[in-house]
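Small disclaimer: the values here were computed from a predicted structure and weren't measured.
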2 protein chains.
Amino acid sequence: MPDRGKNKPDSDRFDFAEKLEANDESPPPKGSAGSVPNGSELDHPDPILDTRARLVEAARDLFLRQGYHNTGVKQILRAAGANSGSLYHYFPTKEDLLLAVLDFYADMLWPLVIAPVFDRVSDPIERIFGILDGYRRMLQFTTCAQGCPIGNLALELSDTHDNVRGLIALNFTNWKKAIEQCLDEAADCLPDDCDRAQLASFVLTIMEGGVMQARAYKTLEPFESAVAMLRDYFDHLNEQSSGWSAARKHD
Amino acid sequence: MPDRGKNKPDSDRFDFAEKLEANDESPPPKGSAGSVPNGSELDHPDPILDTRARLVEAARDLFLRQGYHNTGVKQILRAAGANSGSLYHYFPTKEDLLLAVLDFYADMLWPLVIAPVFDRVSDPIERIFGILDGYRRMLQFTTCAQGCPIGNLALELSDTHDNVRGLIALNFTNWKKAIEQCLDEAADCLPDDCDRAQLASFVLTIMEGGVMQARAYKTLEPFESAVAMLRDYFDHLNEQSSGWSAARKHD
DNA sequence: CTCTGTGAGTTGAACGGTCAATCAAGATCA
DNA sequence: TGATCTTGATTGACCGTTCAACTCACAGAG
């Protein structure tokens, strides 16, 4: 196994957590794109985070906003407040930095994306739509500039960088596991012959496709209507379920 | 309106048409990736095509395989058998070349993607699944390396290049129009209150999301199962339709 | 029919800038 | 003292783009 520079000290990387946690409940800013966090990079890199964590965070942010190939190492260094030597002390190449970013996403999936919804919502099907709503809010918050970070990288790099592709697939798989867990809990609201892994994959398909269209059109509408149709499909599955006598109801 | 170098002579650009038309029916090659058209670029640029068309075709091919930012001008020139002066004679910048590629895709949507299916299939709903099957074959033919060319560029560039984003949205819109036309023809197989534009958008969402997962996993399976679930959803809508007495059947 | 001017198209070296990556030297801390 | 981490100038390759020189088909003049 290659090194990939995964010798992180111990506790870093929770700046991102706090940021998104805060974003999680607050209403999106409206009007002019004043407080939208794009444009200039963060010029006051958090001094609490060590250099490695700052590099990963800066790279994560820039890859998300600009893509991998369109982001230069110099730009990452400026945003992280570090020098090139530091970067190459922790990461052999720029690509290894990307792998660290994908590791980070994998680690943050549960605490940042899944757990907040699970804490707030108990109904398993509603949990799925709660997760989807998180992406809707992310789109809304960035005026449809940023959607799913993994999907971005998936289409840009999965052809050409096979180890990157592996980590992207892992992120997708973990995401689908969370959905599938909800589906398992809601098994009596689904037909007996329902392949729940495939259904979880379907949910991811709709999320990613919806995000893509929302970004291409700069409107939430295609995302929202896709989710609404998914809801309609879930209702249909519910009606087909054997336990329909104990029929579910949402809102 | 900016120039964008759209002063194409008269008849060019149908090399791509012939290529995909041929691909359209032939079974995919199996075994080692011998005849898969990736790897080395086309070293024998078609001398029939004029320089502008060769540039667009080479750029199209490379952008599809490697992405926009990961493809250098020099590489395009080599593949097209042209010199930089020629490129900048026709296109003010590299981005204008990309816009020409997107124009090309918009022009080729009907003759290459839609018409072959419409010629072969008459049932409107089956036409939709015929179009989706075209993408499945594209994935299969490239061993899941290439999916929808527009989706690629959508996620790579729609944040940062707004005029590019406009053309991407146009391509999406035209695609959805074709689907919506099928849905209009099949109106009696759909509920009366069905929003057919939204349903067409849903079909695109599933196509793009399915292609993304297929590429990330290098397997057709997520794409195919997503399409199967879409079919299930269409069956559900058909059962809900008022004209259900004249129930449809496929296969 | 030749001569000549015109301009679209081509050539490829060269430009300034940025790319990812290197490394020797210095700082910090155990 | 030695290991760990940081500094930042430096590298050569490549980036997108420019441009002066050139080819050549063709149109109008003689």
Side-chain angles (χ1 to χ4, degrees), chain A residues 2-12 41 45-56 58-59 62-63 66-101 156-157 160-161 163-164, chain B residues 2-12 41 45-56 58-59 62-63 66-101 156-157 160-161 163-164:
Chain A
D3 178 13
R4 193 194 295 172
K6 210 179 174 179
N7 49 348
K8 35 193 150 178
D10 36 17
S11 72
D12 45 354
E41 35 260 26
D46 194 331
I48 296 173
L49 294 179
D50 56 45
T51 307
R52 204 199 104 104
R54 284 198 328 268
L55 285 167
V56 172
L62 289 165
F63 291 164
Q66 311 179 344
Y68 175 74
H69 287 113
N70 197 28
T71 299
V73 169
K74 188 178 276 185
Q75 201 180 3
I76 297 171
L77 296 172
R78 202 183 326 129
N83 293 102
S84 60
S86 293
L87 195 161
Y88 288 96
H89 172 73
Y90 293 106
F91 307 100
T93 67
K94 180 190 177 189
E95 182 176 325
D96 290 279
L97 176 57
L98 169 63
L99 294 173
V101 167
E156 186 180 353
L157 300 162
T160 43
H161 299 61
N163 40 358
V164 176
Chain B
D3 178 12
R4 195 191 297 170
K6 210 179 175 178
N7 48 348
K8 37 196 144 174
D10 37 17
S11 73
D12 46 354
E41 33 260 27
D46 194 333
I48 296 173
L49 293 179
D50 56 44
T51 306
R52 204 198 104 104
R54 283 197 331 267
L55 285 167
V56 172
L62 289 166
F63 291 164
Q66 311 181 343
Y68 175 74
H69 287 114
N70 197 28
T71 299
V73 168
K74 189 178 274 185
Q75 201 180 2
I76 296 171
L77 296 173
R78 201 183 328 128
N83 293 101
S84 60
S86 293
L87 196 163
Y88 288 96
H89 172 72
Y90 293 107
F91 307 101
T93 67
K94 180 190 178 189
E95 183 175 324
D96 290 278
L97 176 57
L98 170 63
L99 293 174
V101 167
E156 187 180 352
L157 300 161
T160 42
H161 300 60
N163 41 356
V164 175

Which whole-number value in Å describes the distance from A:Leu98 CG to C:dA20 C1'? 14 Å
Which value, rounded to the nearest 0.5 Å, describes the distance between B:Tyr88 atom OH and B:Leu55 atom CG? 10.5 Å
Closest nucleotide among D:dT6, C:dT10, C:dA21 to the A:Thr51 side chain: D:dT6
Tell me whether the OP1 or OP2 atom of D:dC5 has a side-chain N or O from A:His89 closer than 4.0 Å. yes
Between the side chains of B:Thr93 and B:Asp96, does any donor sit under 3.5 Å from an acceptor? yes
Euclidean distance, atom NE2 of residue A:His161 to atom P of C:dA20 [Å, nearest integer]: 11 Å
Considering all heavy atoms of both residues, which atom of B:Gly81 and which atom of B:Arg54 are nearest to each other, and what is their separation? O-NH2, 3.1 Å
Atom of B:Thr71, atom of B:Lys94 and distance for their closest heavy-atom approach: O-NZ, 2.8 Å
I need the A:Thr51 OG1 to A:Leu87 CG distance, nearest 0.5 Å. 10.5 Å
How close do A:Val56 and A:Val101 get, counting heavy atoms only, and between which atoms? O-CG2, 3.8 Å
Provide a list of protein-nucleic acid N or O atom pairs under 3.5 angstrom, restricted to nucleotides 16-19 of chain C.
none

side-chain N/O B:Tyr88 vs C:dT10 OP1/OP2, d < 4.0 Å: no
I need the CZ-P distance between A:Phe63 and C:dA20, as an integer number of Å. 9 Å
Whole-Å gap separating P (D:dC15) and CD (B:Glu95): 18 Å
Which heavy atom in A:Tyr90 sits nearest to a heavy atom in A:Pro92, and how many Å separate them? O-CD, 4.1 Å
Evaluate the criterion side-chain contact (heavy atoms from CB on, under 4.5 Å) for residue pair A:Tyr68 and B:Asn70; output intermediate values, then yes/no. CA-CA 9 Å; A:Tyr68 175 74; B:Asn70 197 28; over 6 Å; no
Look up atom CD in A:Glu156 and atom NE2 in A:His161, then write down how far apart they are to the nearest 0.5 Å. 8.5 Å
Nucleotide D:dT6, atom C1' - distance to CG of A:Asp50 in whole Å: 13 Å
Could you go over nucleotides 7-11 of chain D and give all protein N or O partners under 3.5 Å, atom names and distances?
residue : atom : partner : partner atom : Å
D:dT7   : OP2  : A:Asn83 : OD1          : 2.8
D:dT7   : O5'  : A:Asn83 : OD1          : 2.9
D:dG8   : O6   : A:Gly85 : N            : 2.8
D:dA9   : N6   : A:Ser84 : OG           : 3.0

Taken to the nearest whole Å, CZ/B:Phe91 to C1'/D:dT17 is 15 Å
